[in-house]
**Student:** 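Have a look at this one before I ask anything.
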2 protein chains.
Amino acid sequence: MLTLKPDHSELVVLAVLAEAPSYGYAISKAVAARSEGHFRLGPSSLYPMLTKLEKQGLVDTDWEEVKADTADPDAEGRKRKWYRLSAKGQKRLAQHIEAYHRARSILDTFVAPAAEGRGATQ
Amino acid sequence: MLTLKPDHSELVVLAVLAEAPSYGYAISKAVAARSEGHFRLGPSSLYPMLTKLEKQGLVDTDWEEVKADTADPDAEGRKRKWYRLSAKGQKRLAQHIEAYHRARSILDTFVAPAAEGRGATQ
DNA sequence: CAGGATATATCGGCTTGCGATATATCGCAA
DNA sequence: TTGCGATATATCGCAAGCCGATATATCCTG
């Protein structure tokens, strides 16, 4: 039984991470860029979700110390938290994709007849 | 800017009503039937939504007195509340469909590469 | 006359998404 | 050198949506 509210945000994030490990800010920009600005994933949506993914073991994380252009070797640099898809995360992504495809084909059967005779075909 | 959480329930209900006027219980059954049991729209999801649609003027309503198989002409029969799509509701449906198509094509670009090389090409 | 299907409706809780907000660093240009 | 926009992560609290449980009442069939 499918829910009528598929968790698209999680699907998108997992899909992005499936291509290459990334970090929060880059994911946010990637989603906006690849959707040509149609999808937005702001900090308040993204970071709680990444935390949730981490807790569920769907992603593994690493902190990267982004070195500043400084002579001081003890300087505290900016930190970047990298996320990479775990095996469990890959399985979850596959489930998401399967659910999405199923939901899509069913929704199409509802939408298609309603779009006919109104020029809204596509 | 699209939200990542399209209101599929409303889309589905409006799409069903676009084909023919109907009432709550029938809509619930129609959704389950047409999705082959994959979509479920129970009373606690459906009725609050229909009320909302009515308040927003997207549907017009009529009560039907379902006559019982009784000799008594004064008998109180079961009541059926019919919903039919208004002009405003048709416009809203068109917007829903457009948003759905846009969201679908964008989501596909995220999903497609993630599905490659894993036999999940469907 | 009992039980399942028909028919509508509310309540409370859980989850999710997001605007607002906070903090801190980096790089570039004035 | 200083200030500002971009980079980078994170929390709080509200609003909305979905749904299980529950309630009520009628109809039809066995």
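The sequence lines fix the lettering, A, B, ..., with proteins before strands; numbering per chain opens at 1.
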**Student:** According to a strict under-4.0 Å criterion, is B:R40 in side-chain N/O contact with OP1 or OP2 of D:dG20?
**Tutor:** yes

**Student:** What nucleic acid atoms does B:G42 come within less than 4.0 Å of, heavy atoms only: base, sugar-phosphate, or nothing?
**Tutor:**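 Answer is nothing: B:G42 stays at 4.0 Å or more from every strand.
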
**Student:** Quick one: is D:dA8 close enough that its OP1 or OP2 comes under 4.0 Å of any side-chain N or O from A:Y23?
**Tutor:** yes

**Student:** Please give the nucleotide sitting opposite C:dA30 as a Watson-Crick or G-U wobble pair, both distances under 3.5 Å, or none.
**Tutor:**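 By the stated definition (distances under 3.5 Å), D:dT1 pairs with C:dA30.
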
**Student:** What do the steps show when you test B:E54 against B:K81 for salt bridge (Lys or Arg N to Asp or Glu O under 4.0 Å), and what is the final call?
**Tutor:** CA-CA 11 Å; B:E54 191 181 3; B:K81 193 173 185 181; 3.1 Å; yes

**Student:** For A:W82, which contact category applies under a 4.0 Å heavy-atom criterion: base, sugar-phosphate, or nothing?
**Tutor:** nothing

**Student:** Return the value, rounded to whole Å, for the distance between atom NE2 of B:H96 and atom P of D:dG17.
**Tutor:** 10 Å

**Student:** Report the distance from atom CG of A:L46 to atom P of C:dG17, rounded to the nearest whole Å.
**Tutor:** 11 Å

**Student:** To the nearest angstrom, how far is B:L41 atom CG from D:dC19 atom P?
**Tutor:** 7 Å

**Student:** For C:dG17 and A:S9 - does any side-chain N or O of the residue sit under 4.0 Å from the phosphate oxygens OP1/OP2?
**Tutor:**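 Yes.
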
**Student:** Would you say B:D62 and B:Y23 are linked by a side-chain donor-acceptor pair, where the criterion is simply a distance under 3.5 Å?
**Tutor:**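 No - no donor-acceptor pair under 3.5 Å links their side chains.
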
**Student:** Taking OP1 and OP2 of C:dG19, is either one under 4.0 Å from a side-chain nitrogen or oxygen of A:S44?
**Tutor:** no

**Student:** Does C:dA7 have OP1 or OP2 under 4.0 Å away from a side-chain N or O of B:K29?
**Tutor:**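 The answer is no; no side-chain N or O of B:K29 sits under 4.0 Å from OP1 or OP2.
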
